[in-house]
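Everything numeric here is computed off the predicted structure, so don't read it as measured data.
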Amino acid sequence: MALNTIVLVNQITNLSDARYCAGMGVEMLGFSLQPGQPQHIDAAAFKEISGWVSGVKLVGEVDNLPVAELEELLLQYKVDMLQLNSLYFIEELDDLPLPIILRILIDKDTVEENIINTLELYQQHVEYFLIDSEDFTSIDETNRRFLRDISKRFPILLGFGLTKENTREALDKIQPAGIALKGGEEIRPGYKNFDELEEIFEQLED
C-alpha cells in the first residue's frame with residue numbers, strides 16, 4: 001500500500017505492530033530505547049523485531065538522557081534516526097551521528113511566539129519537528145490555524161488529535177510534512193487488533 005504522507009508510528013513494542021505498519025507503507029517505526037520510560041523495549045527484542053522488517057527507517061525515542069548515555073545506547077540499538085522528546089543544546093545535537101526528530105509539546109497555555117522561536121532556533125539542526133500534545137485531544141479551529149501556519153515554514157509531523165473521521169481533512173487543511181501515530185500492546189502474543197490504525201491508514205491511501 002502507498003500512503004499519501006509520511007507516517008511515523010511511535011512506541012512499537014512487538015513484532016505484530018512492526019510488520020503490520022511496514023506492510024501498510026509506514027515510513028518510520030519508533031522504539032523507546034530509554035530504560036524506565038513507557039513502552040521501553042530492550043536491545044534483544046529490538047534486534048529481533050528489526051530483523052523482520054525492511055524498507056522502513058528505525059527511530060530511537062529518548063527523553064532527557066545525557067548525550068554520553070545516549071551514545072552508549074546507540075551501540076546496542078542500530079537505528080536510523082533519533083527522536084528526542086526534550087530539548088537539547090544545539091551543540092549536543094550537532095554531535096549526534098543521526099538525523100533528529102525533535103518532539104515539541106503544545107497545550108492550551110502555549111505561547112505561539114515561543115514555539116516559533118524554538119522552531120526557528122532548531123530548524124537547521126533537525127530533520128522533523130514532531131508537534132504533540134498531552135493537553136489537546138482533538139484538532140479545533142484555534143490549534144488548526146497555528147498548526148497550518150507552522151507547517152508552511154517548518155517540517156512538521158502532526159502527532160495528536162487524529163481520528164478516522166478527521167485525518168484526511170487535517171492533512172488537507174494543515175498540510176504537515178507527515179503524521180505520527182502510536183503503536184500499542186498485543187492482546188496476546190502474536191495477536192493484535194489493528195482496527196484503529198487501519199481506519200486512519202485508509203484515509204491516507206493514494
Handout entry: ILVMFWY network linking W52 to V9, side-chain heavy atoms under 4.5 angstrom
Key = yes

Exercise for the section: Give the C-alpha distance, both sets of side-chain angles, the deciding distance and a yes or no for side chain to side chain contact (heavy atoms under 4.5 Å, CB included) between I174 and I156. Expected result: CA-CA 10 Å; I174 296 171; I156 300 297; over 6 Å; no

Handout entry: Minimum side-chain heavy-atom gap I106-I131 below 4.5 Å
Key = yes

Practice task
For residues L84 and R103, determine if any side-chain heavy atom of one lies less than 4.5 Å from a side-chain heavy atom of the other.
Solution key: no

Practice task
Give a yes or no answer on whether the side chain of Y122 reaches the backbone of Y88 with a donor-acceptor pair at less than 3.5 Å.
Solution key: yes

Practice task
Indicate yes or no: at least one non-hydrogen side-chain atom of F46 is less than 4.5 angstrom from one of T13.
Solution key: no

Practice task
Could you check L147 against F160 for side chain to side chain contact (heavy atoms under 4.5 Å, CB included), going step by step and ending with a plain yes or no?
Solution key: CA-CA 11 Å; L147 292 168; F160 71 94; 3.9 Å; yes

Practice task
Verify, without hydrogens or angle tests, whether Y77 (side chain) and G60 (backbone) share a donor-acceptor contact under 3.5 angstrom.
Solution key: no

Problem - Atom pair CG/CG of D107 and N143 - distance to nearest 0.5 Å - result: 11.0 Å

Completion exercise
In short, Q39 meets Q11 closest at the heavy-atom pair CG-OE1, 3.5 Å

Practice task
Drop me the distance from L204's CG to N4's CG, to the nearest 0.5 angstrom.
Solution key: 5.5 Å

Handout entry: Distance in Å, S50 OG paired with L15 CG, rounded so as to fall on 0.5 Å steps
Key = 10.0 Å

Problem - Lys/Arg-Asp/Glu bridge criterion (N-O < 4.0 Å) met for D132, K182 - result: yes

Exercise for the section: Please round to the nearest 0.5 Å and tell me the distance separating atom CZ of R148 and atom CD of Q175. Expected result: 9.5 Å

Handout entry: Linked, directly or transitively: L73 and M81 (ILVMFWY side chains, under 4.5 Å)
Key = no

Exercise for the section: Following the transitive rule for hydrophobic clusters with a side-chain heavy-atom cut-off under 4.5 Å over Ile, Leu, Val, Met, Phe, Trp and Tyr, establish whether I104 and L162 coincide in one cluster. Expected result: yes

Exercise for the section: Find the distance between CD1 (I41) and CD1 (I12) and round it off to the nearest 0.5 Å. Expected result: 8.5 Å

Problem - Contact check, side chains of V26 and L8, non-hydrogen atoms, under 4.5 Å - result: no

Problem - Least distance between heavy atoms, K164 atom then I200 atom - result: N-CG1, 4.1 Å

Handout entry: I100 with L119, same ILVMFWY side-chain cluster at under 4.5 Å
Key = yes

Handout entry: Criterion side chain to side chain contact (heavy atoms under 4.5 Å, CB included) on T110 and L105, from CA distance to verdict
Key = CA-CA 9 Å; T110 291; L105 287 175; over 6 Å; no

Problem - Main-chain N/O of G161 paired with N166 side-chain donor or acceptor, under 3.5 Å - result: yes

Exercise for the section: Answer yes or no: is there a donor N or O on one side and an acceptor on the other, between the side chain of E127 and the main chain of P99, under 3.5 Å? Expected result: no

Problem - Closest non-hydrogen atom pair, G178 against T5 - result: CA-OG1, 3.3 Å

Fill in the blank from the handout: For L33 and V62, the nearest pair of non-hydrogen atoms, with its separation, is CB-CG1, 4.2 Å

Handout entry: Closest contact, heavy atoms only, P176 versus A170
Key = CD-O, 4.4 Å

Practice task
I would like to know whether K108 and E134 meet salt bridge (charged side-chain N to carboxylate O under 4.0 Å, His left out); could you show each step before the answer?
Solution key: CA-CA 10 Å; K108 57 183 175 54; E134 296 172 352; over 6 Å; no

Exercise for the section: Identify whether L74 and L65 are in the same connected component of the hydrophobic contact network (ILVMFWY, side-chain heavy atoms under 4.5 Å). Expected result: yes

Completion exercise
When V56, I179, L29, L157 are each screened for side chain to side chain contact (heavy atoms under 4.5 Å, CB included) with V7, the one that passes is I179

Problem - Short side-chain donor-acceptor distance under 3.5 Å, E61 and N85 - result: no

Handout entry: 4.5 Å side-chain heavy-atom contact, I115 and F146
Key = yes

Practice task
Begin from the C-alpha positions of L82 and V59 and carry the test side chain to side chain contact (heavy atoms under 4.5 Å, CB included) through to its verdict.
Solution key: CA-CA 5 Å; L82 285 171; V59 180; 6.0 Å; no

Practice task
Any chance you could measure Q37, atom CD, to N64, atom CG, to the nearest 0.5 Å?
Solution key: 9.5 Å

Exercise for the section: Could you tell me whether a side-chain N or O of H40 sits under 3.5 Å from a main-chain N or O of S32, the two making a donor and an acceptor? Expected result: yes

Exercise for the section: Check whether any side-chain heavy atom of L171 lies under 4.5 Å from a side-chain heavy atom of L158, and answer yes or no. Expected result: no

Problem - Under the side chain to side chain contact (heavy atoms under 4.5 Å, CB included) test, residues paired with E91 that sit two or more places apart - result: F89

Problem - Pair R145 + D149, salt bridge at N-O below 4.0 Å - result: yes

Problem - Student check: side-chain heavy atoms of V126 and L93 closer than 4.5 Å - result: yes

Exercise for the section: Run through the side-chain heavy atoms of Ile, Leu, Val, Met, Phe, Trp and Tyr, join any pair under 4.5 Å, and report what else lands in V111's cluster. Expected result: none

Practice task
Over 60° means perpendicular and under 30° means parallel, so classify the ring planes of F201 and Y20, tilted if in between.
Solution key: tilted

Exercise for the section: Please determine if K173 and E169 form a salt bridge, counting it only when a charged side-chain N lies under 4.0 Å from a carboxylate O. Expected result: yes

Practice task
Taking side chain to side chain contact (heavy atoms under 4.5 Å, CB included) as the test, write out the residues that go with E165, two or more places apart.
Solution key: T163

Exercise for the section: Return the minimal non-hydrogen interatomic distance between D80 and L98, and the atom names on each side. Expected result: O-CD2, 3.7 Å

Handout entry: Donor on one side chain, acceptor on other, N114 and E112, under 3.5 Å
Key = no

Practice task
Measure the shortest side-chain to side-chain distance between F154 and Y128 over non-hydrogen atoms and say whether it is less than 4.5 angstrom.
Solution key: no

Handout entry: E120/R153 salt bridge by N-O under 4.0 Å criterion
Key = yes

